[in-house]
Amino acid sequence: MAAAVSIPEHKLFESPNSRTIEIGPWAITARTNPISNAPECDALQAALGGVPLPEMTFGNNALELQHRPSGWRYVFQTEAALKGVKNGEMGEGDGGVKVGYADAWLRSRTGPSPELPMPKTVPTKPYDWTYTTTYPGHPISPSSPVAWQPADPANPVHIIPLAELTRQDPILFYAEIPLFEDELHDNGASHFLVRIRVMPTCLFILSRFTLRVDNVLFRNYDTRIYHSFTSSPPLLVRETSGWEAPYDWVKRRLPKRDDLTPLTDPMWIAKILADMPSEVSQQAGAGTRWSGLGTVAHVAVLQTSDA
């Protein structure tokens with residue numbers, strides 16, 4: 001039997017809309033708030049250049065990491081995630097998706113009033129109606145810039161250790177932070193969720209964008225960030241992965257042919273896409289030529305006063 005893992009000293013703080021853990025040199029805060037109200041949505045839409053917002057936009061939600069010795073801070077935040085959505089005509093690499101009544105749907109979301117028929121004189125504002133984004137989080141510490149460098153696959157410390165993450169270690173802190181969700185006018189679903197786990201030996205973040213366009217395709221974009229508390233100097237590993245496959249290819253893998261429920265489960269969708277041969281789900285995809293396909297790993301070293 002594996003030896004018990006000792007619990008490091010840590011502090012937990014909680015308020016109605018946020019939770020924080022302080023552990024070693026780290027302070028990690030998860031903010032979860034209700035869906036943005038009308039004035040907040042208006043301000044956010046203006047900041048995004050007029051892109052219509054998802055039906056459920058959690059504009060005040062965020063996950064923030066702070067490494068106090070170096071001053072390095074990194075966040076996952078709704079506005080930044082939506083800034084990754086294409087605003088304008090879809091081009092090469094954008095992974096544009098079309099359904100039979102996409103044009104009518106766009107007009108319903110970009111006209112002067114979504115509740116009323118749109119006058120022919122009002123032009124449709126083009127944008128990516130699937131809200132596809134490859135947002136991996138972003139730093140907010142200009143005073144202490146940290147450069148992400150390509151990971152060395154031959155270096156074991158540059159690889160996220162799945163064995164450690166699947167151990168039954170105590171979870172000291174866990175949070176799920178939704179950033180946005182949209183049902184694409186009953187054509188499917190698009191949503192972005194960030195999860196974090198802090199364990200005695202490490203922290204692990206999984207940021208996931210999931211897209212289902214009924215009878216067209218499934219798409220998934222994951223960002224994983226791992227940090228071992230024993231790394232010296234402090235090292236972060238970030239892995240970004242994009243998958244895509246035709247709708248029917250995923251549907252064929254249903255455990256029960258008549259039960260479509262798994263097609264709405266992001267965890268099941270992600271597993272199916274990841275289990276497909278990479279030349280299928282990370283190269284060919286669904287034929288959209290989406291530039292987010294594939295897996296890329298980077299590492300970053302945090303500078304401390306002792307470095």
Find out whether R19 and L12 are in side-chain contact, i.e. whether some heavy atom of one side chain is under 4.5 Å from a heavy atom of the other. no

Flag side-chain contact, heavy atom, 4.5 Å: K271 against M267: no

Return the set of residues passing ring pair (Phe, Tyr, Trp, His ring centres under 6.0 Å) with H298 (not counting sequence neighbours), or none when no residue passes. none

Can you tell if the side chain of T261 reaches within under 4.5 Å of the side chain of D265, non-hydrogen atoms only? no

Hydrophobic clustering (ILVMFWY, side-chain heavy atoms < 4.5 Å, transitive) - are V51 and L179 grouped together? yes

Run L63 and I28 through side chain to side chain contact (heavy atoms under 4.5 Å, CB included) and show every step you take. CA-CA 7 Å; L63 173 67; I28 301 163; 4.0 Å; yes

So, taking the atom named CD1 in I160 and the one named CZ in R238, what distance separates them when rounded to the nearest 0.5 Å? 11.0 Å

Are a donor atom and an acceptor atom from the side chains of S15 and S18 found within less than 3.5 Å of each other? yes

Locate the shortest heavy-atom distance separating S241 from Q282; write the atom from each residue and the value. CB-NE2, 4.1 Å

Per side chain to side chain contact (heavy atoms under 4.5 Å, CB included), I196 is matched among F173, F204, Y174 by F173

Donor-acceptor contact present, side-chain Q77 to main-chain A62, <3.5 Å: no

Closest non-hydrogen atom pair between A245 and V250, with its separation: CB-CG2, 4.1 Å

Donor-acceptor pair, side chain of D182 and main chain of S190, under 3.5 angstrom: no

Report yes or no: does S281 contribute a side-chain atom to a donor-acceptor pair with the main-chain N or O of L273 at less than 3.5 Å? yes

Of all heavy-atom pairs between P200 and I7, which one has the smallest distance, and what is that distance? CG-CD1, 3.8 Å

Verify, without hydrogens or angle tests, whether S36 (side chain) and G59 (backbone) share a donor-acceptor contact under 3.5 angstrom. yes

Is a side-chain donor or acceptor of R219 paired with a backbone partner of G292 at a separation under 3.5 angstrom? no

Hey, can you tell me if H138 and Y135 have their rings parallel, tilted or perpendicular (30° and 60° cut-offs)? tilted

Please round to the nearest 0.5 Å and tell me the distance separating atom CG of D248 and atom CZ of R253. 11.0 Å

For D94 and G96, indicate whether the former's side chain and the latter's backbone hold a donor-acceptor pair under 3.5 Å. no

Mind checking whether D186 and D214 have side chains closer than 4.5 Å, heavy atoms only? no

If you take all heavy atoms of I23 and M199, which pair is closest and at what distance? CD1-O, 4.4 Å

Of all the heavy-atom pairs spanning F58 and N33, show the shortest one and how long it is. CD2-O, 3.5 Å

Using modelled atom types only, decide if a donor and an acceptor are shared between the side chain of T166 and the backbone of A163 within a distance under 3.5 Å. yes

Is the closest side-chain heavy-atom distance between P69 and L302 below 4.5 Å? no

I225 reachable from I21 in the ILVMFWY side-chain graph, under 4.5 Å edges: yes

Heavy-atom side-chain proximity of L263 to W268 below 4.5 angstrom: yes

Sole residue of W26, W72, Y74 in ring-ring contact (aromatic ring centres under 6.0 Å, His included) with H67: W26

When you look at F13 and E22, which way does the side chain to side chain contact (heavy atoms under 4.5 Å, CB included) test go after all the steps? CA-CA 8 Å; F13 305 91; E22 293 183 354; 3.5 Å; yes

Please check if atom CD in E183 has more than 12 non-hydrogen atoms from other residues, nucleotides or ligands closer than 6.0 Å. no

Relative to each other, are the rings of H227 and F229 parallel, tilted or perpendicular (30° and 60° limits)? perpendicular

Between atom OG1 of T20 and atom NZ of K11, what is the distance when rounded to the nearest 0.5 Å? 12.5 Å

Aromatic rings F218 and Y247: how do their planes relate, parallel, tilted or perpendicular, breaks at 30° and 60°? parallel

Distance check, rounded to the nearest 0.5 Å: M90 atom CE versus T288 atom OG1? 8.5 Å

Mark yes when over 12 heavy atoms from residues, nucleotides or ligands other than R68 sit less than 6.0 Å from its CZ; otherwise mark no. yes

Is there a chain of hydrophobic side chains (I, L, V, M, F, W, Y, each step under 4.5 Å between heavy atoms) that links L48 to Y127? yes

Cluster link L44 to F192, ILVMFWY, side chain under 4.5 Å: yes

Run T230 and T201 through side chain to side chain contact (heavy atoms under 4.5 Å, CB included) and show every step you take. CA-CA 7 Å; T230 61; T201 60; 5.9 Å; no

Show your reasoning for whether side chain to side chain contact (heavy atoms under 4.5 Å, CB included) applies to K86 and T132. CA-CA 8 Å; K86 180 62 179 288; T132 292; over 6 Å; no

Does I269 share a hydrophobic cluster with L184, counting links as ILVMFWY side-chain heavy atoms below 4.5 Å and allowing steps through other members? no

Of all the heavy-atom pairs spanning G84 and T133, show the shortest one and how long it is. CA-OG1, 3.6 Å

With side chains defined as the heavy atoms from C-beta onward, is the minimum distance between L254 and L260 less than 4.5 Å? yes

Answer yes or no: are there more than 12 heavy-atom neighbours, outside E279 itself, under 6.0 Å from its atom CD? yes

Distance in Å, R73 CZ paired with Q66 CD, rounded so as to fall on 0.5 Å steps: 6.0 Å

Between W290 and Y221, how do the two ring planes meet: parallel, tilted or perpendicular, split at 30° and 60°? perpendicular

Tell me, do I177 and R31 make a side-chain contact under 4.5 Å, heavy atoms counted? no

Is there a donor-acceptor pair closer than 3.5 Å between any side-chain N or O of W129 and the backbone N or O of V97? yes

Identify all side-chain donor-acceptor contacts of residues 147-158 below 3.5 Å with residues at least two apart in sequence or on another chain.
unit_1, atom_1, unit_2, atom_2, d
D152, OD1, A154, N, 2.9
N155, OD1, V157, N, 3.1
H158, ND1, D152, N, 2.9

